[in-house]
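First the proteins, then the strands, lettered A, B, ... as listed; each starts at 1.
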Amino acid sequence: MPDLFAAIDEGRIEAIGPRACVLRGFALAQADALAAAVVDVARAAPFRHLVTPGGYTMSVAMTNCGALGWIADRRGYRYAAVDPQTGRPWPAMPPVFAHLAGTAAAAAGFAGFAPDACLINRYQPGTRLSLHQDRDERDYAAPIVSVSLGMDAVFLFGGLARSDTPAKVPLRHGDVVVWGGEDRLRFHGVLPLRDDPHPQLGSQRINLTFRKAA
DNA sequence: TAGTGGCT
DNA sequence: TAAG
């Protein structure tokens, strides 16, 4: 895979763990199509602020597409095939989403990634996501693929224990983070967003997180 | 298992 | 900023 080494040499791939990396600008060419597809998804399944089991309303607004969607409520976290807010199935995963997720995973060394869930997070200035693990999926063989659009963010990438000090990874429009294997359950989060409006997307950041949930 | 991507 |  000479392309992989070339990409590392050119700084387009940054390792942040044995099986975790940032693909700089990997989604840039598709960014407009991805953003347009988010608008379509949100028309059918509007962004909403979920309430955690502890009773706190999350600052980040969320929606989903694909066969399964991640949800939180007072009863816990889980994946559901039906959007509890609309009573309808989540919108289908747009082909440009699935293709990007598969090629990004392959570029990071995870061949054959076929996500059945895409959680879409909308960050506005001041919003954050505190340190957590993605552990509601059925098995952890598949990686997580995370796509950044819009405003800059600081991604926190920690260890397998919540108490492990996380690395701070700056993320920009078009960057893609992939983690799996021994890094699959690492704690991660996002620092409160600075208001530095993006030329295309304005004062927001959209994050697409692809998972194989079932 | 409980409890939980937030809070103090 | 760390920890529960």
Opposite nucleotide pairing with B/dT8, Watson-Crick or G-U, both atom distances under 3.5 Å: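 For B/dT8, the partner nucleotide comes out as C/dA3, under the 3.5 Å rule.
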How many whole angstroms separate atom [atom1] of [X] from atom [atom2] of [N]?
X        : N     : atom1 : atom2 : answer
A/Tyr56  : B/dT4 : OH    : P     : 9 Å
A/Asn121 : B/dG6 : CG    : P     : 10 Å
A/Gln133 : B/dA2 : CD    : P     : 18 Å

Which of these, A/Leu208, A/Val60, A/Ile206, A/Thr127, sits in a side chain to side chain contact (heavy atoms under 4.5 Å, CB included) with A/Asn121?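 Going through the options one by one, the only one that passes is A/Val60.
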Starting the side chain at C-beta, find the nucleotide from [options] nearest to [X].
X        : options             : result
A/Pro53  : C/dT1, B/dG6, B/dT4 : B/dT4
A/Thr165 : C/dA2, B/dG6, C/dT1 : C/dA2
A/Arg135 : B/dG6, C/dA2, B/dG3 : B/dG3

Which is true for [X] with a 4.0 Å heavy-atom rule: it touches a base, it touches only sugar-phosphate, or it touches nothing?
X        : result
A/Ser163 : sugar-phosphate
A/Arg162 : base
A/Gly54  : nothing
A/Tyr77  : base

Considering only the C1' atoms, how many Å lie between B/dA2 and C/dG4, rounded to the nearest integer?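 It works out to 15 Å between them.
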A/Trp179 and A/Phe113: aromatic ring centres closer than 6.0 Å?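 Here the rings of A/Phe113 and A/Trp179 have centres that are no less than 6.0 Å from each other.
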Taking atom types as modelled, is there a side-chain donor on A/Arg211 or A/Tyr79 under 3.5 Å from an acceptor on the other?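 A/Tyr79 and A/Arg211 do have a side-chain donor-acceptor pair below 3.5 Å.
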Count the heavy atoms of every other residue, nucleotide or ligand shown that sit under 6.0 Å from CZ of A/Arg78, and state whether that count exceeds 12.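 Atom CZ in A/Arg78 is packed in, count exceeds 12.
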Does A/Arg74 get its side chain close enough to the base of B/dG3, under 3.5 Å, for a donor-acceptor pair?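 No.
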